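Scroll down for the structure; my scribbles are underneath it.
Since the model is a prediction, treat every value here as computed from it, not as a measurement.
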Amino acid sequence: MIRVRFAPSPTGYLHIGSARTFIFNWLFARHEGGTMILRIDDTDVDRNTQASLDSIFDGLKWLDLGWDEFYHQSDRVAMHREAAMSIFRKGLAYRDFAPAESEERSYGDGPWLFRPEMREMTAEESDRRAGAGEPFVLRFRVPRTGDGAVTFPDLVYGPQSKAFADIEDFALLRSNGIPTYHMASCADDADLRISHIIRGQDHLTNTFKHVLIFEALGAPPPKFAHLPLLIAPDGSKLSKRKHGPVVSVTTYRDGGFLPHAFVNFLCLLGWSPKDDREKMSRDELRDSFTLEGVNRSNAVVNFSEDDPFDPKAVWLNAEHLRSLPVEALAEKLEPFVRAAGLDPARADLKKVAPLVQERIRLLKDVATVGDFFFLDELPPYPAEELLPQKGDAAMSRRVLESARLVLEKVEFEHVALEASLREAAATLGVKAGQMFQPIRVAVCGRKNAPPLFETLETLGRQRCLHRIERALELLS
RNA sequence: GGCGCUAUCGUCUAACGGUUAGGACGGAGCCCUCUCAAGGCUUAAAUACGGGUUCGAUUCCCGUUAGCGCUACCA
């Protein structure tokens, strides 16, 4: 039975790297017909925050993938403690009564492995001091004889090995009795019968410790698959302090990404379907996903000073946007129209949607591409914009006056609109473009806009005539 | 410092030892066109360096360099 888990700690917002880890776990679980478990790793009570927990849930829900089982690690500390004590009872861990180090240790003098006086303390003395209430850290007793090593096969990185001599006697229980991450995580993974641990490569070297814990617990170690990390363009790891909101999933949501487009983008960072597909639906991703397709080098999220989003993410979003049914697009657009301070009731979103569909790359672009649909009065624009190509104000005026006459009586439907306006242009002896451009500017307030006739139709006779009137005033 | 991991166009990536090193994004150019967008076509752009192994290395091995990670009573 395949069982995987995503285990974020609620000490920050949902990071895009974490989101990707969640996605890969989900994809693997669904591809294999397994179980996806969400576990909140909240053993570090001092650093947990409710805000962070909310942010993680918000982000995960937005991804719209879901999970099958849910746990709070903090509900399970008694079990973790018992697991740690069972290791102690087997003689595979010892009490360390040394006080916590106050200063940061320098790494200059080689690794700190263990304190012989603590490790070799007699059971009698250890029990006596513990019994007297002296606080201690419970440490794993890493084998120190011979030249053995911990080994495990990584499904992505291949066979891994690390000498015991390079592994320190790491802590299992803190002096306050709370299990450390390593202990809690492994106890949970064993207890929850996790079959595959898929997580960031930053855990690769921790895994040697974890294998030791699983063995000490008498539990078969799960299979491990580590994922290459997501990094910033400068090669450093993504951090909120250094890179700002670009690392938060909610930034993508609020910027107008479609959840599955975002998922698609993240999947392409560190994984490849091995063919030329780029745009993939959730189901295609699920069907194609395998751990063999995961590669080993870190991937850069290519954001920049002037653009918080990776150009490829934006392009992919545009691709997904274009294949959305209009009703769905209209629905998605609504909150973004509102957020821009525009009134969605001013226009029929189902008619606007197809007009902006291939002109927006992010949902929030609707505010810049289609603002004029949701306004009664256009924001001011320079009168020169109304001048046709190779034409003057007089021509513009003639064109607009003619258009006004046409729009007053023509059937307000784009085919009829186009026919009569083309006819009017011919009558005036101007080129089609010279006719259409002043009209476009008059009704949209700018030179670049969606196709003219559908736009006129969507805007409606009254608003079009009103705007042409305004344009004429501007020209005089 | 020690240990571990990684190294193909600017970025994401493909290439079970034999390819003119492929695709995508982004860039440039052209076409289409009522503007914009979309679309179509064309184009510039990469195997970090040095040694091996081999008839032949992007691919396998070693070294160098660089980057990243771990080295906490954080996760």
Side-chain angles (χ1 to χ4, degrees), chain A residues 7-12 41-44 46-47 96 98-101 104-113 135-139 154 157-158 160-163 165-168 170-182 184-185 200-209 226 228-229 231 233-237 265 268-279 295-303 310-316 318 322 355-361 369 389 418 421-422 425 431-437 439-441 444 446-453:
Chain A
S9 64
T11 54
D41 275 8
D42 50 359
T43 46
D44 186 6
D46 298 338
R47 290 171 57 206
D96 176 356
E101 314 215 354
E104 257 182 58
R105 189 169 25 240
S106 112
Y107 297 125
D109 307 317
W112 175 91
L113 257 24
F136 61 86
V137 169
L138 193 70
R139 289 187 183 281
D154 188 279
Y157 287 91
Q160 302 293 312
S161 163
K162 187 165 185 161
D166 292 320
I167 304 174
E168 77 279 12
F170 54 94
L172 261 22
L173 246 34
R174 300 183 179 91
S175 55
N176 63 6
I178 299 195
T180 60
Y181 159 75
H182 299 303
S185 176
Q201 191 241 51
D202 48 345
H203 284 292
L204 189 62
T205 41
N206 286 331
T207 306
F208 297 105
K209 297 172 190 170
H226 288 89
L229 266 19
I231 57 176
D234 66 359
S236 65
K237 72 177 198 179
F265 168 66
L268 262 17
L269 258 23
W271 173 81
S272 160
K274 304 289 184 188
D275 51 37
D276 287 340
R277 284 178 298 166
E278 302 268 3
K279 181 196 170 201
N295 58 33
R296 283 170 290 277
S297 47
N298 294 345
V300 171
V301 181
N302 200 14
F303 55 80
D310 189 312
K312 194 150 191 173
V314 175
W315 169 78
L316 263 176
R322 278 176 217 128
L355 295 181
V356 297
Q357 187 155 30
E358 55 183 37
R359 266 159 276 264
I360 60 175
R361 298 182 309 158
V369 171
Q389 195 75 33
E418 174 162 10
L421 255 12
R422 280 191 188 279
K431 289 187 175 159
Q434 293 175 309
M435 177 87 192
F436 302 154
Q437 200 59 3
I439 303 176
R440 184 194 320 284
V441 173
C444 301
R446 71 176 80 101
K447 287 177 166 171
N448 299 337
L452 183 58
F453 312 106

Using a 4.0 Å heavy-atom cut-off, does [X] contact any base of the nucleic acid, only the sugar-phosphate backbone, or nothing at all?
X        : answer
A/Pro451 : base
A/His226 : nothing
A/Leu452 : base
A/Ala425 : nothing
A/Ala432 : nothing
A/Asn295 : sugar-phosphate
A/Glu278 : base
A/Pro273 : nothing
A/Gly270 : sugar-phosphate
A/Arg277 : nothing
A/Phe265 : nothing
A/Pro228 : nothing

Searching all strands shown, indicate the nucleotide that pairs with [N] (Watson-Crick or G-U wobble; both distances under 3.5 Å).
N      : value
B/rA44 : none
B/rA38 : none
B/rC49 : B/rG63
B/rG10 : B/rC25
B/rC32 : none
B/rU58 : none
B/rA15 : none

Rounding to an integer number of Å, can you tell me how far [X] [atom1] sits from [N] [atom2]?
X        : N      : atom1 : atom2 : value
A/Asp275 : B/rC12 : CG    : C1'   : 15 Å
A/Gln434 : B/rC34 : CD    : P     : 13 Å
A/Arg296 : B/rC12 : CZ    : C1'   : 16 Å
A/Tyr181 : B/rU71 : OH    : P     : 11 Å
A/Leu316 : B/rC25 : CG    : C1'   : 9 Å
A/Ile360 : B/rA38 : CD1   : C1'   : 13 Å
A/Trp271 : B/rA14 : CH2   : P     : 10 Å
A/Arg322 : B/rA38 : CZ    : C1'   : 6 Å

Give the nucleotide from the list [options] with an atom nearest to the side chain of [X].
X        : options                : value
A/Val300 : B/rU11, B/rG4, B/rU35  : B/rU11
A/Gln160 : B/rC3, B/rC12, B/rG4   : B/rG4
A/Ser297 : B/rG26, B/rU8, B/rG23  : B/rU8
A/Asn448 : B/rG39, B/rC12, B/rC36 : B/rC36
A/Asn302 : B/rU11, B/rC73, B/rU6  : B/rU11
A/Trp315 : B/rA14, B/rG26, B/rG10 : B/rG26

**OP:** May I ask you to check whether over 12 heavy atoms, not counting those of A/Lys279, lie within 6.0 Å of atom NZ?
**Re:** yes

Between the side chain of [X] and the main-chain N/O of [Y], is any donor-acceptor distance below 3.5 Å?
X        : Y        : value
A/Asp310 : A/Asn302 : yes
A/Gln389 : A/Gln434 : no
A/Glu278 : A/Leu316 : no

Could you check if a side-chain atom of [X] sits within less than 4.5 angstrom of a side-chain atom of [Y], using non-hydrogen atoms only?
X        : Y        : value
A/Ser272 : A/Asn295 : no
A/Arg359 : A/Pro451 : yes
A/Asp202 : A/Lys237 : no
A/Pro228 : A/Trp271 : no

Subject >> Residues A/Gln160, A/Leu204; criterion side-chain contact (heavy atoms from CB on, under 4.5 Å); working and verdict >> reply: CA-CA 9 Å; A/Gln160 302 293 312; A/Leu204 189 62; 4.0 Å; yes

Original post:
Is any NZ, NE, NH1 or NH2 atom of the basic residue among A/Arg277 and A/Asp275 found under 4.0 Å from an Asp or Glu carboxylate oxygen of the other?
Top reply: yes

Subject >> Sidechain N-carboxylate O distance under 4.0 Å for A/Glu168, A/Lys209 >> reply: yes

Original post:
A/Ala299 or A/Ala98: which one's nearest nucleotide on RNA chain B is closer to the 5' end?
Top reply: A/Ala299

Mind checking the [atom1] distance from [N] to [M]? Whole angstroms is fine.
N      : M      : atom1 : value
B/rU13 : B/rC70 : C1'   : 28 Å
B/rC9  : B/rC49 : P     : 10 Å
B/rU19 : B/rU6  : P     : 26 Å
B/rG40 : B/rC25 : P     : 9 Å
B/rC3  : B/rG50 : P     : 27 Å
B/rA48 : B/rU65 : C1'   : 8 Å

Between [X] and [N], does any side-chain N or O lie under 4.0 Å from OP1 or OP2?
X        : N      : answer
A/Lys274 : B/rA14 : yes
A/Arg422 : B/rC34 : yes
A/Arg139 : B/rC73 : yes

Please list each protein N or O that sits under 3.5 Å from an N or O in nucleotides 66-70 of chain B, with the distance.
{"from": "B/rC68", "atom 1": "O2'", "to": "A/Asn298", "atom 2": "ND2", "distance (Å)": "3.3"}
{"from": "B/rG69", "atom 1": "O2'", "to": "A/Asp202", "atom 2": "O", "distance (Å)": "3.3"}
{"from": "B/rC70", "atom 1": "O4'", "to": "A/Thr205", "atom 2": "OG1", "distance (Å)": "3.1"}

Original post:
Is there a donor and acceptor pair closer than 3.5 Å between the side chain of A/Arg440 and the base of B/rC34?
Top reply: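 Between B/rC34 and A/Arg440, which were checked side chain against base, a qualifying N/O pair under 3.5 Å is present.
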
